[in-house]
Structure formats: structure tokens, C-alpha cells
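Worksheet for the structure shown next.
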Amino acid sequence: MGLVKNLSITMAGAGFMVLATATQALSLNLKYETSIGSPGFGPGQLFVPQGITVNDSGNILISNGRGLNPDGSFNPNIGNKVEVFDPQGNYLGAIGEGGKGPGQFDEPSALEIDPDTGNLYVGDVFNNRVNVFDPQGNFIKSFGSFGGLIPGRAFFGPSGVTFDKEGYVYIGDFSGDKINKYTKDGELVGSIGTSGTEPGQFQGPAGVRISPVSGKFYVSDQFNNRVQVLSPEGQPILTFGKQGTGEGEFNQPIGIEIDEFENIYVADSINSRVQVFDKNGNFLTAFGEPARNASGEIVPAPALGEPPFGNPLDLTPGAFNWTGGTSYKDGKLYVGDFFQGRVQVLGVEGRAKVPEPTSILGLGIFGLGAAAAKLRKNRQQKPAILKC
């Protein structure tokens with residue numbers, strides 16, 4: 001799906017048409033390539049993949065959720081790890097374990113790799129902190145404190161994790177409705193946003209990304225059902241989206257990614273799809289549909305305390321039971337299939353930079369000037385007849 005801008009100038013008296021510019025601004029598609037992991041509780045199996053990141057070697061790191069006993073009580077021996085897969089999807093091992101102690105997790109969530117040091121930062125929801133590991137998976141430290149559970153919300157604690165070029169790490173405080181700014185050592189130095197529905201305010205900032213191009217913040221504002229774009233200083237620039245199922249509408253967006261052209265990829269969780277927008281919030285394309293049973297009915301999400309899988313599973317490519325954690329790397333989008341225990345890998349085809357309106361206008365003016373110059377030259381050379 002793309003946006004095509006054509007600017008044409010008709011020289012009626014001259015008897016010909018000059019096309020100043022016909023620019024294909026963007027044609028982008030998502031295509032299923034493969035899946036990583038399978039639903040279950042054993043080694044290399046996944047449930048509730050809340051966070052995904054990819055290191056420079058192409059290994060995929062996935063937060064594996066909080067293990068529960070059949071009665072819904074916490075079981076630290078199930079999940080609560082960062083599972084690691086090679087680029088081909090082969091299981092390599094895990095980082096961390098369940099528990100309350102140093103380097104242990106009680107539901108790992110969003111995670112990201114520091115581009116300077118290679119250290120891994122992982123949200124630890126019920127322990128209300130962030131855990132940091134070195135590139136070999138050794139625990140370094142924990143830091144942070146985040147808001148607790150709010151009635152009507154099923155999630156709390158640290159959400160999105162992202163780094164800026166100055167060496168700071170930004171971590172969403174999901175229940176605090178703000179984004180905290182830390183040094184890499186975990187010292188809190190500021191925050192962005194407050195609770196509310198106005199621009200610059202949040203109700204559940206679930207995904208946070210900083211553009212590699214402009215340094216702007218892109219935030220999936222989950223319970224406001226929108227995406228917000230903020231300046232590098234944290235000032236609101238743009239909001240788009242509302243609750244719904246149509247193009248450009250959301251039902252609790254979670255993961256968000258920005259590519260090298262500032263295209264925006266949003267995990268539209270309950271709508272079980274990914275939507276893609278240009279940097280100005282214009283809808284480009286969507287991928288995915290809800291998992292369905294043999295009768296074609298949408299498979300509901302499991303209830304709290306039930307096993308964290310849809311019943312039945314629909315593991316056909318492109319079928320999701322909620323989209324959750326996301327990661328973008330080298331032309332591939334990794335999307336957590338929240339209640340189907342896998343990550344779907346999508347190829348991003350047709351990525352291109354959208355020309356600025358001023359550039360398009362400039363091309364039009366240039367084309368008009370060239371056409372006028374050619375017309376004057378032809379009139380000088382052939383005063384009697386102008387042929388097209």
C-alpha cells in the first residue's frame with residue numbers, strides 16, 4: 001500500500017503536457033517468513049512473550065512470562081527467563097531464572113540491548129525493577145522503582161526500554177503513566193509525561209522507542225488507544241489513532257518500532273495485527289488477523305489463572321492471539337504472538353523514505369521552470385509551429 005503524489009502541468013496552448021514529478025513515495029508490505037519458539041513450558045518453548053530484541057549477531061532474545069500453577073499461583077520454576085535463539089530459530093539457552101533474588105525474575109517484560117556496551121536491560125514486573133546483564137548473560141545489577149497495579153489494568157511496572165545517543169536509558173513506568181530517564185548505572189535523572197488524555201499525557205505507556213534518525217520519542221499509549229510522538233526534549237508533537245478496528249484505529253497498542261526511514265510499526269494487541277504508518281502518522285499497511293477455531297470463530301484470550309494459551313491454537317502464518325512484544329532489526333520485524341507461544345518473523349518489503357512535501361514542491365517548481373525554458377527555446381527556434 002503506498003502513497004503516490006503526482007504533479008502535472010498542462011500546457012494547453014502549446015499542445016503538450018509536462019510531467020514535473022511522479023514520485024512513488026512509499027510502497028511497504030509485511031510478509032511472513034518464519035516463527036521462533038513453540039507453545040509450551042519446556043526448554044525453547046514460550047508463553048506470553050512480552051519482550052523481544054535482536055543482538056548484533058542476529059540472536060533473538062525473548063522474555064518468557066511468569067509461570068503459574070494450575071490454581072493460578074506463582075511458580076518460579078516455570079518460565080521467568082530470557083530465552084535465546086540463534087538466527088535460524090534454534091534454541092541456545094536462557095538468561096536468568098525465577099525468583100526474587102539478584103538476577104532473578106518475577107515476570108520479565110520489555111528488554112533492550114545497550115548499543116554501546118552490549119549489556120542487556122530487562123524489565124522485572126512483579127519485582128518492580130530492571131535487571132542488567134553483561135553480553136555473556138552474567139548479572140550486573142538491578143535498579144528502578146515503578147508504579148503498582150491500578151484497578152482495571154492487568155499489567156504494571158516497567159514497560160518499554162530504549163536508549164538515546166547521549167547514553168541515557170528511558171524506561172516506561174506503565175502504571176505511573178510516565179517515561180523515566182536514567183543513567184546507564186540506574187540513577188534517575190528525570191521523567192516525561194503525566195497521567196491523562198491530553199497530548200504529552202499517558203494512560204499506560206506500553207512501548208517506547210527513540211528514532212535513530214531524528215531522536216524523537218514514539219510511544220504506544222495503550223489505554224488511550226493512540227500513538228504519541230514527542231520531541232527529543234519530551235514535548236508533544238503528534239498524536240494519532242483512536243479505539244476501533246479500522247485502519248489507523250487501535251485496541252490497546254503495545255509494542256512499537258521505528259525503522260531507519262522513521263516508518264512506525266505498532267502491535268495492535270487485541271486486534272491481533274501489526275499496523276504500519278509513516279512518520280507523519282499516515283496509515284500504510286497492516287498484517288495479521290485473529291486466531292480462529294475450526295468453525296471460523298475468533299479464539300478468545302485465556303482468562304486470568306488459566307494456561308496462557310488460546311484454546312485451540314491457530315498456528316497458521318499471520319494468525320495471532322494478541323500481538324505483544326516487538327523488535328525491528330535489519331529489515332525484519334519480530335512480533336510476539338502473545339497467547340500462542342511463538343514469535344512471528346515478518347520481512348519488511350519496499351521500505352523507502354517518504355519525500356518531504358517541500359521536496360515534492362521543489363521538484364514541481366523545477367519541472368515547471370524546465371518546461372518554460374524549453375518552451376522559450378522552441379519558440380525562438382521554431383516561431384511558426386510548436387510540435388509536441
Side-chain angles (χ1 to χ4, degrees), residues 1 28-42 44-52 54 60 62-65 79 83 85 88-89 91 154-155 206-207 220 222 225 241 243-257 264-277 283-304 306-329 331-350:
M1 187 172 296
L28 186 149
N29 289 290
L30 300 178
K31 182 179 180 181
Y32 174 86
E33 292 190 355
T34 189
S35 292
I36 297 171
S38 60
F41 301 104
Q45 294 184 309
L46 301 173
F47 56 98
V48 195
Q50 289 194 43
I52 309 165
V54 183
I60 302 99
I62 304 170
S63 294
N64 209 5
E83 310 287 359
F85 299 81
Q88 291 72 46
Y91 181 62
F155 182 83
S220 53
Q222 183 169 337
N225 288 294
Q243 186 168 15
T245 59
E247 294 180 353
E249 298 176 339
F250 302 109
N251 195 350
Q252 297 192 22
I254 297 180
I256 190 167
E257 300 298 324
I264 308 164
Y265 305 81
V266 184
D268 185 9
S269 67
I270 300 177
N271 284 332
S272 295
R273 63 185 179 182
V274 175
Q275 295 196 70
V276 189
F277 306 84
F283 175 83
L284 299 178
T285 192
F287 178 90
E289 59 181 26
R292 297 180 183 275
N293 61 23
S295 300
E297 301 167 325
I298 294 176
V299 179
L304 188 65
E306 292 182 349
F309 303 110
N311 185 17
L313 295 169
D314 178 4
L315 300 180
T316 56
F320 294 91
N321 194 328
W322 291 35
T323 49
T326 54
S327 183
Y328 173 86
K329 183 79 168 182
K332 295 183 186 297
L333 183 68
Y334 300 77
V335 184
D337 193 352
F338 215 57
F339 295 118
Q340 298 204 117
R342 63 178 179 172
V343 170
Q344 297 194 49
V345 184
L346 312 179
V348 184
E349 301 179 338

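The figures here come from the full heavy-atom set of this structure, side chains too, leaving out hydrogens, waters and symmetry mates.
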How close do [X] and [Y] get, heavy atom to heavy atom, and via which atoms?
X      : Y      : result
Asp337 : Ala319 : OD2-O, 3.1 Å
Leu30  : Leu346 : CD1-CD1, 4.1 Å
Pro49  : Gly336 : CG-CA, 4.1 Å
Leu333 : Tyr265 : CD2-CD2, 3.9 Å
Val266 : Pro253 : CG1-CB, 3.6 Å
Asn321 : Gln340 : CB-CG, 3.7 Å

Output yes when a side-chain donor or acceptor of [X] lies under 3.5 Å from a complementary backbone atom of [Y], and no otherwise.
X      : Y      : result
Gln275 : Gly248 : yes
Asn271 : Gly244 : yes
Ser272 : Pro290 : no
Ser269 : Trp322 : no
Asn311 : Pro302 : no
Gln50  : Phe338 : no
Glu306 : Ala303 : yes
Glu297 : Asn293 : no
Arg342 : Leu315 : yes
Gln344 : Tyr334 : no

Is there a donor in the side chain of [X] and an acceptor in the side chain of [Y], or the other way round, less than 3.5 Å apart?
X      : Y      : answer
Glu349 : Asn29  : no
Glu257 : Thr326 : yes
Glu83  : Asn64  : yes

Are Phe85 and Tyr91 near enough that their ring centres are under 6.0 Å apart? yes

Decide, yes or no, whether a salt bridge links Arg292 with Asp314 under the criterion of side-chain N to carboxylate O below 4.0 Å. no

Checking side chain to side chain contact (heavy atoms under 4.5 Å, CB included) for the pair Ile254/Thr323: CA distance, chi angles, key distance, verdict? CA-CA 8 Å; Ile254 297 180; Thr323 49; over 6 Å; no

Check Val345, Val335, Ile62, Ile52 against Ser327 for a side-chain contact (heavy atoms from CB on, under 4.5 Å) and give me the one that passes.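 The passing option is Ile52.
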
